[in-house]
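Following: one structure in structure tokens, then a few remarks.
What you see is a predicted model, and the numbers here were worked out from it, not measured in a lab. Order of the sequence lines sets the chain letters (A, B, ...), proteins ahead of strands, with each chain counted from 1.
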Amino acid sequence: MAIRQLPDRGNSMETFQEILGQKMTEALDASGLPQAGAVTPATDARFGDYQSNAALILGKQLGENPRAIAQRILDAYDLWDLCDPPTIAGAGFINFTLRSETIAAHTGDLLRDERLGVEKAATPKRIVIDFGSPNVAKPMHVGHIRSTVLGDALARIASFLGHEVIRDNHIGDWGTQFGMVIYGWKHLLDRAALERDPIAELVRIYKETNEKATSDPKVREAVREELVKLQAGDPENFSIWKETVDLSLKEFERAYQVLDIHYDIQRGESFYNDRLPTVVERLLKSGIAEVSEGAVCVFFRDIPELGEKPAIIRKSDGGFNYTTTDIATVDYRIQDLKADTVWLVVGAPQILHFKQIIAIARREGYTADFRHVTFGSILGEDRKLMKTRSGENVPLRDLLDEAVQRARKIIEEKNPDLSESEKVDIAQKVGIGAVKYYDLSQYRMTDYIFSWDRMLSFQGNTAPYLQNAYVRIRSIFRKAAVAVPLWGALDGANPAKITLITPEEKSLALKLSQFAEVVPSMLNDFRPNLLANYLYELANAFHSFYEACPVLKSEEPARSSRLGLCELSARVLAKGLDLLGINVPEKM
RNA sequence: GCGCUCAUAGCUCAGCCGGAUAGAGCAUCGGAUUUCUAAUCCGACGGUCGGAGGUUCGAGUCCUCCUGGGCGCGCCA
């Protein structure tokens with residue numbers, strides 16, 4: 001979208017929620033009542049635009065009639081002509097209906113604000129976000145979608161809110177599987193196959209070695225020795241390991257290009273290797289860890305849910321495991337990266353593990369805020385974990401290719417006149433956007449059933465539906481003789497005059513003003529689906545407006561006002577989708 | 001056995017701190033277009049929110065128990 005650079009107006013804009021909330025605070029003070037509840041958007045348009053349940057809460061606390069309290073509040077309430085006189089309804093709800101002029105003026109302000117009304121966080125934090133975490137020598141698969149897409153969206157949202165974000169890919173590049181890989185590399189490797197498809201060949205040698213090791217104790221022993229040699233720093237094994245890591249990183253990077261997801265740092269498990277002995281010694285010295293059955297363990301006897309479940313940080317054979325690595329990772333992120341908070345976007349099965357890690361961090365005196373952001377699984381049509389027909393994980397590469405192909409097919413049916421380069425671009429944006437949006441639009445904890453038809457549908461809460469709303473707007477501006485009639489106004493010199501006549505215009509404008517309320521709320525519980533819901537409602541409101549209100553054919557001043565609504569809708573849609581990591585095409 | 005998590009319309013899913021008659025999309029049925037992209041819009045039909053208690057002015061939401069699914073629980077990651 002060709003947005004001219006606008007001035008950053010900082011935190012000068014307040015949302016209606018904040019303004020009304022402030023008014024409520026003052027009114028409660030003036031009434032001699034304690035503070036209670038927040039002003040929220042109305043649960044139903046019939047009740048107005050916003051509501052307060054303060055009187056209900058206070059009625060309970062004070063043992064008085066809620067409606068009487070509501071009246072007492074309203075008697076002290078100064079609305080500054082912001083809305084119609086508030087009404088008391090039901091058990092004691094206070095309903096606010098904003099005046100059209102109020103919303104119109106606010107919409108004009110939004111058109112002049114680069115941040116679309118979204119305030120920056122009052123206290124910016126340095127946040128390390130750990131997401132993605134694929135394993136070396138294995139293909140990325142469908143199981144990586146949720147962590148990768150969710151983590152990226154959270155990173156985009158946090159950045160937009162003014163936080164300093166460090167995206168870290170905690171790659172699985174160390175561990176017992178390398179005994180297999182190195183043995184396979186030495187005995188089974190097909191160099192030509194490796195050239196053609198490195199990951200496929202690495203998987204093949206891993207699998208074949210695994211089979212041999214299962215049936216042949218000699219191979220099993222040889223595999224173990226290769227691992228020991230690698231860990232001891234044997235030059236040959238180290239260089240094989242390094243090569244597999246490099247090949248894998250190259251492969252991951254291809255997926256990240258397609259997904260338009262990028263990391264600030266990629267600290268794999270191997271990065272922490274030389275820190276592990278120190279970690280164990282330190283924990284032993286401080287008494288946090290103790291030796292049990294030959295292993296070094298941390299017990300959590302004071303935490304009921306962890307009581308019977310110690311964390312092993314050094315095995316009885318002297319080796320370290322991933323718990324040790326993750327403790328070293330905490331050290332690095334807090335001490336070296338100076339993080340205020342760490343978000344671990346890792347699936348729910350590891351809840352116990354991260355509870356242990358976080359508990360250990362607490363005992364070590366770390367005060368940073370650690371959040372384990374969990375999520376459910378992706379299921380196939382059979383409601384079981386999504387697999388290929390042969391029972392394997394679905395490779396991410398195949399899945400993304402198919403998304404783009406399917407999108408392309410739909411576009412060719414619906415809009416065959418597009419040029420080849422346009423089709424390529426649109427198929428990419430629609431296909432990848434559909435996959436991401438389908439994931440992000442659902443509550444992260446629920447398992448969801450993967451369905452091409454549903455995610456690529458142009459109806460309902462899907463990326464194509466939202467992208468289409470944007471495309472329609474862009475089409476209006478292409479049709480308009482003047483390419484960017486409002487941009488002058490956007491500089492602030494000559495603001496577009498917004499007038500809201502029809503109900504569709506008013507509800508669209510109100511919806512647009514609420515972007516600034518929704519964006520910050522997402523980080524309360526890491527819920528991008530709240531933004532997705534909002535964008536769907538916005539696109540819906542826009543489409544209703546589009547049906548009811550001709551833009552280019554209408555007379556001034558409605559025409560300019562409606563163009564302004566279109567422009568702001570496009571910007572909010574594009575920005576909202578961008579925060580979810582989704583791009584918008586100009587045509588489709 | 002212990003722990004985490006989920007259960008909402010025929011299907012897929014929303015429902016933030018407890019708030020008004022539980023919402024969408026698909027499917028089914030009925031309308032709107034010589035179009036600013038109908039790829040859309042408007043409407044109808046469809047629910048004992050897994051079950052049973054409890055907390056209170058009010059529970060899909062909080063507590064207890066039960067049923068069912070998924071996942072995890074000392075030397076894999």
Side-chain angles (χ1 to χ4, degrees), chain A residues 37-38 40 42-44 46-47 51 53 56-57 59-60 65-66 89-93 95 133 135 172 174-177 269 292-297 299 304-317 319-323 325-326 347-353 355 374 376-377 379 383-385 410-411 413-415 438 441-443 445-449 451 453-454 457-462 464-465 467-469 471-480 518 521-522 524-525 527 529-530 532-533 536-537 540 543-554 562 566 587-588:
Chain A
T40 56
T43 53
D44 191 306
R46 284 194 305 269
F47 303 134
Q51 67 181 61
N53 302 341
L56 293 161
I57 297 164
K60 183 177 190 171
N65 183 338
F93 299 96
N95 291 330
S133 316
N135 289 315
W174 199 253
T176 46
Q177 78 269 26
E269 292 169 341
S292 168
E293 295 173 33
V296 178
C297 301
F299 289 89
E305 57 210 278
L306 298 177
E308 303 299 314
K309 291 149 189 166
I312 291 173
I313 60 171
R314 192 175 69 202
K315 301 187 283 183
S316 52
D317 69 1
F320 305 105
N321 60 16
Y322 82 131
T323 303
T325 304
D326 279 357
Q350 298 200 39
I351 285 176
L352 184 61
H353 168 70
K355 274 190 177 161
T374 59
S377 311
L379 310 178
R383 292 192 149 277
K384 293 182 177 167
L385 277 182
I410 294 167
I411 289 150
E413 279 169 18
K414 309 255 189 195
N415 204 348
Y438 192 69
S441 62
Q442 313 202 40
Y443 177 53
M445 287 309 297
T446 53
D447 297 346
Y448 70 82
I449 296 175
S451 164
D453 289 343
R454 272 191 275 274
S457 169
F458 284 78
Q459 290 151 326
N461 191 6
T462 66
Y465 176 82
Q467 288 168 324
N468 178 238
V471 163
R472 285 181 146 194
I473 298 169
R474 301 304 295 159
S475 181
I476 290 173
F477 282 101
R478 275 195 303 275
K479 277 254 158 67
V518 171
S521 76
M522 270 185 294
N524 292 343
D525 194 31
R527 300 185 57 164
N529 73 307
L530 294 178
N533 288 348
Y536 174 57
E537 287 167 9
N540 209 203
H543 276 129
S544 298
F545 158 83
Y546 182 91
E547 294 286 330
C549 306
V551 178
L552 298 177
K553 289 172 191 160
S554 60
R562 288 175 179 176
C566 285
K587 299 179 186 173
M588 66 193 285

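The interatomic distance linking A:Asn461 (CG) with B:A14 (P) rounds to 10 Å, in whole Å. Nucleotide B:U5 holds its P atom 13 Å from the CG atom of A:Leu352, rounded to whole Å. The separation between A:Asp453 atom CG and B:U12 atom P is 14 Å, rounded to whole Å. Across the protein-nucleic acid pair, A:Leu385 atom CG and B:G69 atom P stand 16 Å apart, rounded to whole Å. If you measure from atom NZ of A:Lys355 to atom P of B:C71, you get 18 Å, rounded to the nearest angstrom.
Of all nucleotides listed (B:U21, B:U12, B:A14), B:A14 comes nearest to the side chain of A:Asn529. Closest to the side chain of A:Phe93, out of B:G74, B:U12, B:A20, is B:A20. Nearest to the side chain of A:Gln459, among B:A39, B:C26, B:A14, sits B:C26.
No donor-acceptor pair closer than 3.5 Å links the side chain of A:Asn321 to the backbone N or O of A:Lys315. When atom types are taken as modelled, the side chain of A:Asp525 and the backbone of A:Arg527 share no donor-acceptor pair closer than 3.5 angstrom.
With a 3.5 Å ceiling on both atom-pair distances, B:U56 lacks any Watson-Crick or G-U wobble partner. Base pairing analysis places B:G72 opposite B:C2; the two distances defining the Watson-Crick or G-U wobble pair are each below 3.5 Å. Remark: B:A44 base-pairs with B:U28. Criterion, Watson-Crick or G-U wobble with two distances under 3.5 Å. The partner of B:C49 cannot be assigned: no Watson-Crick or G-U wobble pair with both contacts below 3.5 Å exists in any strand. With a 3.5 Å ceiling on both atom-pair distances, B:A20 lacks any Watson-Crick or G-U wobble partner. Across all strands shown, B:U61 forms no Watson-Crick or G-U wobble pair with both key distances under 3.5 Å.
Residue contacts shown for A:Pro349 are limited to sugar-phosphate atoms, with no base heavy atom under 4.0 Å away. Contact annotation for A:Glu293: base contact, defined as any heavy-atom pair under 4.0 Å involving a base atom. Within 4.0 Å of A:Asp525, counting heavy atoms only, lies no atom of the nucleic acid at all. Using a 4.0 Å heavy-atom criterion, one finds that A:Ala469 contacts no nucleic acid atom at all. As judged by a 4.0 angstrom heavy-atom cut-off over every strand, A:Tyr438 is placed among residues touching the sugar-phosphate backbone only. Within the 4.0 angstrom heavy-atom criterion, only backbone atoms of the sugar-phosphate kind lie near A:Asn540; the bases stay farther away. As judged by a 4.0 angstrom heavy-atom cut-off over every strand, A:Ile351 is placed among residues touching the sugar-phosphate backbone only. Across all strands, A:Ile449 comes closer than 4.0 Å only to sugar-phosphate atoms, never to a base (heavy-atom distances).
For A:Gln177 and B:A77, a side-chain-to-base donor-acceptor distance below 3.5 Å is absent, hydrogens and geometry of angles not being considered. At a cut-off of 3.5 angstrom, the base of B:G18 holds at least one donor-acceptor pair with the side chain of A:Lys60. Between the side chain of A:Asn53 and the base of B:A20 there is no donor-acceptor pair of N/O atoms closer than 3.5 Å.
The same atom, C1', is picked in B:G3 and in B:G43; the two are 49 Å apart, to the nearest Å. When the C1' atom is used for both B:G10 and B:C2, the distance is 38 Å, rounded to whole Å. Annotation: B:A14 and B:C73 have their C1' atoms spaced 33 Å apart (nearest Å).
With RNA chain B read from its 5' end, the first of the two nearest nucleotides for A:Ala42 and A:His543 is the one closest to A:Ala42.
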